[in-house]
Amino acid sequence: MIGKWFRRSQPTAADAGQRIAPPMIAPARRRGARLYQAAQADRVTSGWSTSPLPADQIVRRNWRALVARSREQLVNNSYAKAFQRSVRRNVIGQKGFILQAQVQGADGKPDADANRAIEAAFKKWSKAKNCDVKGVRSFLQIQKTLVNGLPSDGEFMVRHVYGRDAGPWGYGLQILDPVNCPVDFDEDRRPNGRFIRAGIEYTKMGRPVYYYFHTLDVSQSDYSHAGRAFIRVPADQIIHWFEEDLVGQKRGLPWMATALLRMRQLDQFERAALINARESANKLGVIEWDEGFGPEPESDDDDGEAAEVELSSEAGIYHEMLQGQRLKRVESPYPNGEMAVFSKHNLRGVASGLGAAYNDLANDLEGVNLSSMRHGMQAERDRWKELQESLIESFISEVFEKWLEYSLIAGKITLDNGATLSPRHLSKYLDATFHARRWDWMDPSKDVKADADAVENLFKSRGQVIRERGRNPRDVYREFAEDIQAMKDEGIPPEIIAALITAKSKGGSPSVPAVETDPDETIAGGGNDSAQAE
């Protein structure tokens, strides 16, 4: 039975001249084959790194080149400059971070006198002559200067300065250039297990203890290494802020890093197109000679070359060609209609790398409707809010705490009656918050109505709505009280004042109750007539 089965499986005479294909069997996947296409090592992915680098090596290898090129682009590239202005405008704004003291008394109610004294003293210190060790920048200008450097540096460093060198207040800020903290300064085997990475000395557990900065004056240096002199500053005197993209990252990287190459190439492309368009507008051409015509070499010193013939181009002037001459135009049709499409495509990639809205970065409102712009701006503003909160937590609050401590000790914060706040209650006076800038929407009437509905339905408090719009609620309430008092001083009846301040902003006129005056006069609710109160 088995033999017959084998005989039947042999090819027949009709198939003798045909080749029998072997059965299709799926090959077994070899051991260790990668399932992810991005992990494949082939011709397409050649040159793509396959070995992960620690954060220290990434910063050390790329920091200098990225910072140098980013700073150059801020000087020469319009889109880089626009991004820097956008960061400063949206993160800091016109007024910067505004302090609101929230000190409470023993009864649990706000201590208005202490809050007012702290806010007034902080505002006075924020002047340039007090807060800046150089006496040049106000606290608002310091904030703008630091944020200006984030697109190109990705970090900033500020030093707390105390005592006589700090200025009239006894406490001031010194802005430091991150470039002066050498990113290539590494040292191992320091005492107690310490080590230095990127110009910063750490404990064995990774807590920074000293920052090292270049100095040209060796007599003032605190430390020397490999023939270089450094000033060593304790870490508790330095505010070093950056966004940590990698675990273990010790220095910031420029915010323009991922978009930098595309920005540079696009700038060079636009420059080449501009030069090409200029040459095309000049109508360049060359003079060709017919056979048997043309100038002869002037002498043997010319190596047998004919003298050049040039025609100057002038608007409205036509030159007469000589016999045997003809003008051959050199046409340069580029740029054409494809340039705008190509530039927009690249600018969208640049905007994505920068985390900015394309329409704002490129100043392009073509084809934009209200809904799409609102969606794009809302996503971008969430990013700005995230940065604001990070700056408040790591920079603004720390400055306030240092300032408050030394101001209380120096007796710089005084109440209306002349008494000074005691440093014994420092922890109590630290209760404060900072308000960052906020933005008006493109359709403010709908947003105001939404806020009013949220307050009416107890989804929000009035103070929250005011804070979201970038103002201090107590300032608004104080102005509101002053307006009411001013209306009373001018003789406006209380009934009308009450109707004005309780009117709902949902359309229509406020309902003002009738007020009895002279028999011949009646004040109609919501009318435009004026009347004298009794």
Side-chain angles (χ1 to χ4, degrees), residues 82-103 115 118-123 125-127 131-132 137-151 153-156 158 173 175 239-244 252 255 354-357 360-361 374 376-404 430-442 444 447-448 450-451 454-455 460-479:
F83 176 63
Q84 184 189 52
R85 287 195 299 263
S86 178
V87 173
R88 183 183 67 246
R89 182 179 67 249
N90 287 283
V91 175
I92 303 301
Q94 298 177 353
K95 298 182 179 180
F97 298 95
I98 302 175
L99 168 67
Q100 180 185 355
Q102 296 180 332
V103 181
N115 291 329
I118 293 174
E119 293 173 3
F122 189 77
K123 184 177 181 180
W125 173 82
S126 298
K127 296 182 182 297
C131 69
D132 186 9
R137 303 181 183 93
S138 67
F139 190 47
L140 175 60
Q141 292 171 332
I142 288 176
Q143 297 172 40
K144 291 183 177 181
T145 300
L146 296 177
V147 171
N148 271 340
L150 293 176
D153 301 342
E155 61 182 352
F156 64 73
V158 180
L173 300 176
I175 300 178
I239 300 178
H240 182 200
W241 186 90
F242 64 93
E243 286 194 298
E244 187 176 359
W255 290 2
L354 298 177
D360 184 44
L361 179 69
R374 185 185 182 109
M377 293 181 67
Q378 185 172 2
E380 185 186 25
R381 287 173 179 178
D382 288 340
R383 166 65 175 158
W384 301 135
K385 292 178 182 179
E386 178 185 352
L387 291 172
Q388 289 172 345
E389 292 302 320
S390 180
L391 287 172
I392 290 174
E393 179 183 1
S394 303
F395 170 58
I396 302 295
S397 294
E398 182 172 345
V399 170
F400 172 71
E401 292 174 4
K402 296 288 186 181
W403 166 84
L404 183 61
L430 285 174
D431 193 1
T433 186
F434 284 88
H435 302 295
R437 75 146 295 178
R438 289 297 181 259
W439 306 266
D440 292 329
W441 290 106
M442 293 170 289
D447 294 290
V448 171
D451 285 338
V455 172
K460 290 182 179 180
S461 66
R462 295 184 183 273
Q464 179 182 354
V465 172
I466 296 173
R467 284 191 293 269
E468 289 176 352
R469 294 181 176 272
R471 295 207 61 191
N472 186 336
R474 285 208 301 270
D475 291 341
V476 176
Y477 299 153
R478 184 164 52 248
E479 294 173 3

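In this text, all values refer to a predicted model and were calculated from it rather than measured experimentally.
Annotation for Lys127: atom NZ does not count as buried by contact number, only 12 or fewer foreign heavy atoms lying within 6.0 Å. Other residues, nucleotides and ligands contribute more than 12 heavy atoms inside 6.0 Å of the CD atom of Glu479.
The shortest side-chain heavy-atom distance between Trp439 and Lys385 falls under the 4.5 Å cut-off. With a 4.5 Å cut-off on side-chain heavy atoms, Arg438 and Arg381 do not count as touching. Taking 4.5 Å as the limit, some side-chain heavy atom of Trp384 sits within range of a side-chain heavy atom of Ser86. Two residues are said to be in side-chain contact when any heavy atoms from C-beta on lie closer than 4.5 Å; Lys95 and Arg437 fail this criterion. Looking only at side-chain heavy atoms (C-beta outward), Ile92 and Leu146 stay at 4.5 Å or farther from each other. At a threshold of 4.5 Å between non-hydrogen side-chain atoms, the residues Leu173 and Ile239 do not count as touching. Counting heavy atoms from C-beta on, the side chains of Val399 and Trp125 come closer than 4.5 Å. Put simply, the side chain of Phe97 reaches to within 4.5 Å of the side chain of Gln388, judged on heavy atoms.
Taking CZ of Arg89 as the reference point, atom NZ of Lys144 lies at 11.5 Å (rounded to 0.5 Å). Note that the CG atom of Asp475 and the CD atom of Glu119 stand 6.5 Å from one another [nearest 0.5 Å]. In this structure, the separation between CG on Leu391 and CD on Glu398 is 12.5 Å, given to the nearest 0.5 Å. Considering CD of Glu401 and CG of Leu430, their distance stands at 5.5 Å, rounded to 0.5 Å. Here the straight-line distance linking atom CZ of Arg85 with atom CG of Leu361 works out to 10.0 Å at 0.5 Å rounding.
Residues meeting the side chain to side chain contact (heavy atoms under 4.5 Å, CB included) test with Asp153, sequence neighbours left out: Val67, Arg71, Pro178. For Arg137, the side chain to side chain contact (heavy atoms under 4.5 Å, CB included) criterion is met by Asp132, Gln141, Ile142, Thr145, Ile175, not counting sequence neighbours.
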Practice task
Evaluate side chain to side chain contact (heavy atoms under 4.5 Å, CB included) for Leu150 paired with Phe242, printing each intermediate quantity in order.
Solution key: CA-CA 8 Å; Leu150 293 176; Phe242 64 93; over 6 Å; no
Problem - Ile118 vs Leu99, side chain to side chain contact (heavy atoms under 4.5 Å, CB included): CA-CA, chis, key distance, verdict - result: CA-CA 9 Å; Ile118 293 174; Leu99 168 67; 4.2 Å; yes
Practice task
Give the C-alpha distance, both sets of side-chain angles, the deciding distance and a yes or no for side chain to side chain contact (heavy atoms under 4.5 Å, CB included) between Ile396 and Phe139.
Solution key: CA-CA 10 Å; Ile396 302 295; Phe139 190 47; 3.9 Å; yes
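The minimum heavy-atom distance linking Cys131 with Ser138 is given by the pair SG-C, 3.6 Å. Here the closest heavy-atom approach between residue Asn115 and residue Gln102 is recorded as OD1-N, 3.5 Å. Annotation for Pro473 and Gly463: closest pair CG-O, 3.6 Å, computed over non-hydrogen atoms. The minimum heavy-atom distance between Ser394 and Trp241, with the atom names listed, is CB-CD1, 3.5 Å.
Salt bridge annotation for Glu243-Arg383: present, with a cationic side-chain nitrogen under 4.0 angstrom from a carboxylate oxygen.
Using a distance-only test at 3.5 Å, with no hydrogens or angles considered, no donor-acceptor pair links the side chain of Gln100 to the main chain of Thr433.
Aromatic ring orientation, Phe122 versus Phe400: perpendicular (interplanar angle above 60°, classes split at 30° and 60°).
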